[in-house]
Amino acid sequence: MIENSKITKAVLGECLISPGHRACAGCGQMIAAIAASRAMGPDVIIANATGCLEVTTTPYPESSWKVPWIHSLFENPAAVASGIRAALNFKKDIKTKVIVQGGDGSTFDIGLGLISGMWERGENILYICYDTEVYSNTGIQASGATPPGASTTTTPAGKNSIGSVQRKKDMLSIALAHGVKYIAQSTAGYPLDITAKVRRGIETNGPAYIQIMSPCIPGFGIKTSEAMQVGQLAVQTGLYPLLEYVDGQLTDVSKIETPVKVEEYLKIQSRFKHLFSTDAGKKEIEYIQSLADKNIEKYGLK
Ligand SMILES: Cc1ncc(C[n+]2csc(CCOP(=O)(O)OP(=O)(O)O)c2C)c(N)n1
């Protein structure tokens with residue numbers, strides 16, 4: 001169903017996360033982070049935002065990470081990474097790569113100003129956003145990445161509510177507007193695609209941004225076995241295409257032979273369950289289908 005030459009070209013390196021972490025069973029973010037880490041190699045320093053990935057891998061004084069890793073605040077890993085990069089540059093160390101990891105709350109919302117500064121300065125830093133489409137760590141609150149129609153603890157579905165009425169912020173366009181050299185999108189449904197893209201991001205001499213949809217078991221309301229399937233359906237519907245931009249040009253998209261209808265993606269997630277029982281919900285499903293159709297058109301996915 002998915003044609004992507006990159007998927008078969010990933011070179012799997014060592015996984016940098018030890019098995020002893022505390023993420024939920026089947027966590028999509030952990031699947032994505034493990035796949036990302038396989039592209040990083042040993043010469044790397046990671047600045048991590050507050051969020052599930054930080055909390056589940058580094059309960060003080062333990063760490064699951066096999067590489068230097070620093071946590072500061074929810075909002076400032078981009079600035080911390082800038083400082084690390086500046087220190088490495090001063091030491092003439094260009095071999096060591098600097099990576100930021102953050103959730104969508106950190107990336108789309110609270111850390112955005114400092115990310116903007118980092119990109120404005122054109123720094124040689126790879127930023128990876130694990131997009132769970134909510135603030136997972138603090139109890140599934142809506143973020144700027146929450147899609148329309150999703151029920152969250154701050155946008156609960158109910159008699160007079162169809163869930164979130166906000167539209168997902170277009171972070172890829174924000175990155176493009178900053179002239180970020182390498183921009184890519186992937187999902188936890190395609191770990192080899194993630195590994196291949198993180199490798200390209202690391203090899204980029206300049207700012208790189210990779211956004212990975214990472215299904216959250218409680219946030220999406222899915223079974224512990226379903227994170228990869230949901231990540232694949234997100235791609236196969238056209239809602240979350242696998243793609244790459246290099247120097248502002250769309251250079252790679254994964255084609256979808258026969259797009260899957262969004263209902264198939266929505267119906268296995270309890271955050272969208274309410275959409276199937278009311279007329280307003282059915283209208284919202286049509287709207288979500290129109291978003292997928294727009295992507296299919298915009299990126300030439302067929
Ligand atoms: C300034 C500040 N505001 C709020 C918090 C509380 N907080 C910690 S983690 C978190 C949510 C993280 O969400 P996200 O970035 O999406 O990562 P995820 O947990 O989903 O991986 C929040 C709101 C904080 N630590 N600092």
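These values consider heavy atoms only, across backbone and side chains, with no hydrogens, waters or symmetry-generated copies. Remember, it's 1-based here, ligands and their atoms both numbered in the order they're listed.
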Item checked: Atom NZ of K302 with >12 non-hydrogen neighbours under 6.0 angstrom -> no

Check: Does any N or O in the side chain of S136 come within less than 3.5 Å of the main-chain N or O of T132, such that one atom is a donor and the other an acceptor?
Finding: no

Checklist line | Residues lining ligand 1 [heavy-atom distance under 4.0 Å, listed by chain and residue number] | finding: Q29, T50, G51, C52, F74, E75, G103, D104, G105, S106, I110, T132, V134, Y135, S136, N137, T138

Next item on the list: Would you check, one step at a time, whether the test side chain to side chain donor-acceptor pair (under 3.5 Å) holds for T138 with Q141?
Entry: CA-CA 7 Å; T138 38; Q141 294 87 12; 2.8 Å; yes

Check: Which residues pass the salt bridge (Lys or Arg N to Asp or Glu O under 4.0 Å) test with D247, sequence neighbours left out?
Finding: K181

Margin query: For V180, run the side chain to side chain contact (heavy atoms under 4.5 Å, CB included) check against Y245, Y209, Y127 and tell me which one passes.
Written below: Y209

Next item on the list: Decide side-chain contact (heavy atoms from CB on, under 4.5 Å) for T107 and I115; before the verdict, give the C-alpha distance in whole Å, the side-chain angles of both, and the deciding distance to 0.1 Å.
Entry: CA-CA 8 Å; T107 308; I115 295 171; 3.9 Å; yes

